[in-house]
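In what follows, residues are counted from 1 in the order of the sequence shown.
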Amino acid sequence: MTPMLSVVVPFTVLLGAFGDSDDGLTALVFLIGLVLSMGSVYGFGVWMSRQGSVRPWELPLVVCAAVLGVLWVGYLRIEWFSLVGLVSGCLVLALAGAAVVWSSRPGPARAVIAVGVVLGLCSVVVGVSWGQERVEDVRENRELGREVAALSHPIAALEASGWKPGSVSVRSAEDDIRAEVVYEPSRSVVWERGFRLTVFTVVVEQGEPGVPEWVGCADGAESDRCERRGAVMVDDGSEAPLPSMSAWVEVEEGILAVLSTDVPTEKDGTPTMEFPELDMVDLGERVRGVEGEDAQALVRQAL
């Protein structure tokens with residue numbers, strides 16, 4: 001067990017370097033983990049050779065495959081990525097592979113079989129978890145689709161090429177915002193990853209004042225930032241330290257669509273990309289009110 005831990009623990013340090021931390025610290029931990037891991041694998045092989053093993057590379061190979069398999073699972077299912085999960089997963093897979101080696105007849109094939117068992121177990125875990133998640137997503141989206149279709153008013157949806165709905169959510173009737181759809185651009189529209197455009201559906205009840213105050217350029221007056229283009233009112237903050245743009249347009253009587261950009265940022269709030277060139281007027285003009293089956297189709301697209 002001790003030789004196996006000598007490989008598992010340093011590799012776990014290496015994998016843990018991919019968590020949230022300062023870039024310089026992450027690089028340092030990565031390098032230290034890499035050196036420790038390579039030394040541990042070599043030392044494990046030397047220890048096996050001194051124990052009289054005919055093929056001292058077999059168990060180090062199996063343990064390495066177990067650790068890399070856990071890394072693969074953790075990468076695909078990032079919500080499982082924790083120190084305890086990594087150590088436990090490495091030990092379980094390493095012991096499973098070692099059991100195959102120890103129970104099989106000596107020969108080069110048993111190491112290959114052991115590695116295949118380890119990777120096969122990883123594939124089963126990922127496949128089962130993905131299947132369960134898919135079933136849960138379908139169930140939740142069906143419920144959301146029925147909830148959206150039951151709304152007494154349409155929701156604002158963007159119908160522009162290059163923009164795909166990533167998520168749809170509905171809020172309580174007490175809120176001005178009744179629904180929001182988050183759109184993700186294709187690489188042909190915005191090359192950098194992480195940029196998003198959210199379309200809010202705002203319901204203005206009869207007898208209430210017009211556009212809510214939290215909406216940019218709500219009073220409709222033009223200024224350095226606010227400009228009206230036809231039916232679309234644009235709030236241009238693209239030159240601000242944290243650049244953003246928003247626009248609002250009335251899609252139907254009493255139903256406003258508010259478009260708001262979201263630029264990815266570092267932990268200190270610094271944007272990670274330059275603000276892309278967007279025609280907010282054109283996007284605002286491409287917003288439509290959808291309801292019923294069309295609203296349910298929008299939810300399915302976001303699945």
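No side-chain heavy atom of Trp248 sits less than 4.5 Å from a side-chain heavy atom of Phe200. When side chains are defined from C-beta on, Val170 does not count as touching Arg178, because their heavy atoms never get closer than 4.5 Å. Between Met273 and Val263, the closest side-chain pair of non-hydrogen atoms falls below 4.5 Å.
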Could you walk me through whether Leu283 and Trp163 pass side chain to side chain contact (heavy atoms under 4.5 Å, CB included), step by step?
-> CA-CA 10 Å; Leu283 291 174; Trp163 294 90; 3.8 Å; yes
Evaluation steps, side chain to side chain contact (heavy atoms under 4.5 Å, CB included), between Glu227 and Val281 | CA-CA 10 Å; Glu227 183 180 3; Val281 176; over 6 Å; no
Start with the C-alpha distance between Val204 and Leu256, add both sets of side-chain angles, then the distance that settles side chain to side chain contact (heavy atoms under 4.5 Å, CB included), and finish with yes or no.
-> CA-CA 8 Å; Val204 180; Leu256 299 178; 3.8 Å; yes
Side chain to side chain contact (heavy atoms under 4.5 Å, CB included) between Leu158 and Leu197, intermediate numbers included = CA-CA 10 Å; Leu158 177 63; Leu197 178 70; 3.9 Å; yes
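Checked by atom type and distance alone, the side chain of Thr261 pairs as donor or acceptor with a backbone atom of Met245 at under 3.5 Å. Listed for the Tyr183 side chain is no donor-acceptor partner under 3.5 Å among the backbone atoms of Gly166. A donor-acceptor pair is defined here as one N or O able to donate and one able to accept, closer than 3.5 Å; such a pair exists between the side chain of Glu250 and the backbone of Gly254. With Thr201 contributing its side chain and Ala156 its backbone, the two residues share a donor-acceptor pair below 3.5 Å. Looking only at distances, no side-chain donor or acceptor of Ser238 sits under 3.5 Å from a matching main-chain atom of Ser244.
Of all the heavy atoms in Gly292 and Ala149, the pair that sits closest is O-CB, 3.9 Å. Taking every heavy atom of both residues into account, Pro165 and Val181 meet most closely at CB-CG1, 4.0 Å.
Taking 4.0 Å as the cut-off between side-chain N and carboxylate O, Asp235 and Arg225 count as a salt-bridged pair. Using a cut-off of 4.0 Å between Lys/Arg side-chain N and Asp/Glu carboxylate O, Glu192 and Arg187 are scored as not salt-bridged.
Rounding to the nearest 0.5 Å gives a distance of 8.0 Å between CD of Glu159 and CG of Asp294. Taking SG of Cys217 as the start and CD of Glu222 as the end, the distance is 9.5 Å to the nearest 0.5 Å. Here CD1 of Ile255 is found 10.5 Å from CD1 of Ile155. Values are rounded to the nearest 0.5 Å. Atom CG of residue Asp224 and atom CG of residue Asp236 lie 10.5 Å apart, to the nearest 0.5 angstrom. In this structure, the separation between CG on Asp279 and CZ on Arg229 is 7.5 Å, given to the nearest 0.5 Å.
Applying the 6.0 Å contact sphere to CZ of Arg142 captures no more than 12 heavy atoms from other residues, nucleotides or ligands. Atom CD of Glu274 is surrounded by 12 or fewer heavy atoms from other residues, nucleotides or ligands within 6.0 Å.
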